[in-house]
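Encoded as structure tokens, the structure appears first; notes follow it.
Residue numbers run from 1 in the order of the sequence given. In this text the structure is predicted, and so the values were computed from the model without any measurement. Excluded from the calculations below are hydrogen atoms, water molecules and symmetry mates; all remaining heavy atoms, backbone and side chain alike, are included.
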Amino acid sequence: MARKEDDGKLHVSAPRIILIFTGLFLVMDAIFYISFQHDQFWPFNLSFYIYTPILLGISGLFCYLTIHSTYYEIDKHKLVHTKLGQVKEYYWKDVIYINEKWSIKHKMMLFYMADGKERYLAFDKEGLIYEYALKYGHLISEEEFLARFPKARL
């Protein structure tokens, strides 16, 4: 995540998103290849030269849209996560537990809301999302959390 000072938003890290979409493209291309090349694997059938550029174009389009329309906005009261036009608000008063070990290891914040449901958000480069959650969340200890939600896996 890189902070853009002009709009006050934390934008998604492009290399991370590109890596995810590259992996998805390769998996989908392999699935299509196996599906359409059932009679021979080499040389490629004409269908390979048709679906691969189409799949690459669709993947590139969604990658571009994801990079430019996914961001976070943070203040003292809430975290607003906008992704492809969908807006989710997480109020700090409802954040009750953060799995700090897992979060630091995976560079994604794993946190639990007051209803016991888990949420995942990618870290930004500065770690502002994580720092704000630790500062403003109404956090309880691991023991208290497990007592309140015994079926939760940490």
Side-chain angles (χ1 to χ4, degrees), residues 1-36 38 51-52 54-154:
M1 307 259 158
R3 184 131 174 103
K4 285 194 171 181
E5 298 300 330
D6 55 325
D7 62 3
K9 299 174 185 172
L10 294 170
H11 290 270
V12 176
S13 172
R16 189 173 191 162
I17 297 298
I18 291 169
L19 184 65
I20 290 168
F21 274 95
T22 300
L24 286 173
F25 165 74
L26 292 174
V27 167
M28 292 304 296
D29 200 40
I31 290 170
F32 275 72
Y33 179 75
I34 291 168
S35 299
F36 292 120
H38 58 281
Y51 67 74
T52 298
I54 292 171
L55 190 58
L56 183 61
I58 291 169
S59 297
L61 175 67
F62 278 104
C63 183
Y64 176 82
L65 291 174
T66 300
I67 289 170
H68 291 290
S69 66
T70 302
Y71 56 88
Y72 302 110
E73 294 175 279
I74 301 174
D75 66 26
K76 277 201 264 188
H77 305 288
K78 66 183 175 182
L79 164 70
V80 179
H81 179 210
T82 304
K83 181 169 67 172
L84 294 173
Q86 183 181 23
V87 178
K88 292 185 181 180
E89 293 182 342
Y90 302 104
Y91 288 90
W92 297 124
K93 66 181 174 138
D94 295 329
V95 176
I96 61 168
Y97 181 74
I98 298 172
N99 191 331
E100 295 181 41
K101 236 189 280 187
W102 190 95
S103 296
I104 291 171
K105 180 181 177 184
H106 295 281
K107 296 192 180 195
M108 287 187 83
M109 186 170 66
L110 167 58
F111 63 101
Y112 292 83
M113 303 298 286
D115 60 2
K117 301 219 179 185
E118 62 188 14
R119 304 284 192 267
Y120 298 88
L121 294 175
F123 273 10
D124 55 289
K125 287 183 181 175
E126 296 90 12
L128 293 177
I129 293 171
Y130 185 65
E131 289 175 19
Y132 269 79
L134 290 175
K135 183 176 179 181
Y136 293 116
H138 295 289
L139 303 178
I140 60 176
S141 70
E142 182 176 343
E143 294 79 24
E144 287 178 83
F145 180 77
L146 289 173
R148 196 184 290 184
F149 303 102
K151 292 184 181 180
R153 63 176 174 89
L154 298 179

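- Partners of Ile31 by side-chain contact (heavy atoms from CB on, under 4.5 Å), not counting sequence neighbours, listed by chain and number: Val27, Met28, Ser35.
- At a threshold of 4.5 Å between non-hydrogen side-chain atoms, the residues Lys9 and Tyr72 do not count as touching.
- Every side-chain contact (heavy atoms from CB on, under 4.5 Å) that Ile96 has, sequence neighbours left out, goes to Ala114, Ile140, Phe145, Arg148, Phe149.
- Within the 4.5 Å cutoff, no side-chain heavy atoms of Asn99 are placed close to those of Met109.
- Contact check for Leu79 versus Leu121: side-chain heavy atoms found under the 4.5 Å cut-off.
- Residues forming a side-chain hydrogen bond (donor to acceptor under 3.5 Å, both in side chains) with Tyr112 (at least two apart in sequence, or on another chain): Glu118.
- Side-chain contact between Met113 and Val95: present, with at least one pair of heavy atoms (C-beta onward) separated by less than 4.5 Å.
- Pairs engaging residues 96-110 under the salt bridge (Lys or Arg N to Asp or Glu O under 4.0 Å) rule: none recorded [sequence neighbours left out].
- For His106, the side-chain hydrogen bond (donor to acceptor under 3.5 Å, both in side chains) test picks out Trp102, with sequence neighbours left out.
- In this structure the side chain of Cys63 never reaches within 4.5 angstrom of the side chain of Phe25, judged on heavy atoms.
- One distance of note links CG of Leu10 with NE2 of His81; it measures 10.5 Å at 0.5 Å rounding.
- Remark: Tyr64 engages His68 in a ring-ring contact (aromatic ring centres under 6.0 Å, His included) (not counting sequence neighbours).
- Among residues two or more places apart in sequence or in another chain, the ring-ring contact (aromatic ring centres under 6.0 Å, His included) test is passed with Phe21 by none.
- Every side-chain contact (heavy atoms from CB on, under 4.5 Å) that Lys117 has, sequence neighbours left out, goes to Asp115, Arg119.
- The stretch residues 83-92 participates, sequence neighbours left out, in these salt bridge (Lys or Arg N to Asp or Glu O under 4.0 Å) pairs: Lys78-Glu89.
- Atom CG of Asp29 and atom CD1 of Ile34 lie 10.0 Å apart (nearest 0.5 Å).
- Applying the side-chain hydrogen bond (donor to acceptor under 3.5 Å, both in side chains) rule to Asp75 yields no partners; only residues at least two apart in sequence or on another chain are considered.
- Residue pairs satisfying the salt bridge (Lys or Arg N to Asp or Glu O under 4.0 Å) criterion with at least one member in residues 132-145, sequence neighbours excluded, are absent.
- No side-chain heavy atom of Ile98 sits less than 4.5 Å from a side-chain heavy atom of Leu110.
- Under the 6.0 Å cut-off for aromatic ring centres, Phe111 and Tyr90 qualify, their centroids lying closer than that.
- Applying the side-chain contact (heavy atoms from CB on, under 4.5 Å) test to Thr22 and every residue at least two apart in sequence or in another chain returns Ile18, Leu26.
- The side-chain heavy atoms of Trp92 and Ile74, taken from C-beta on, include a pair separated by under 4.5 Å.
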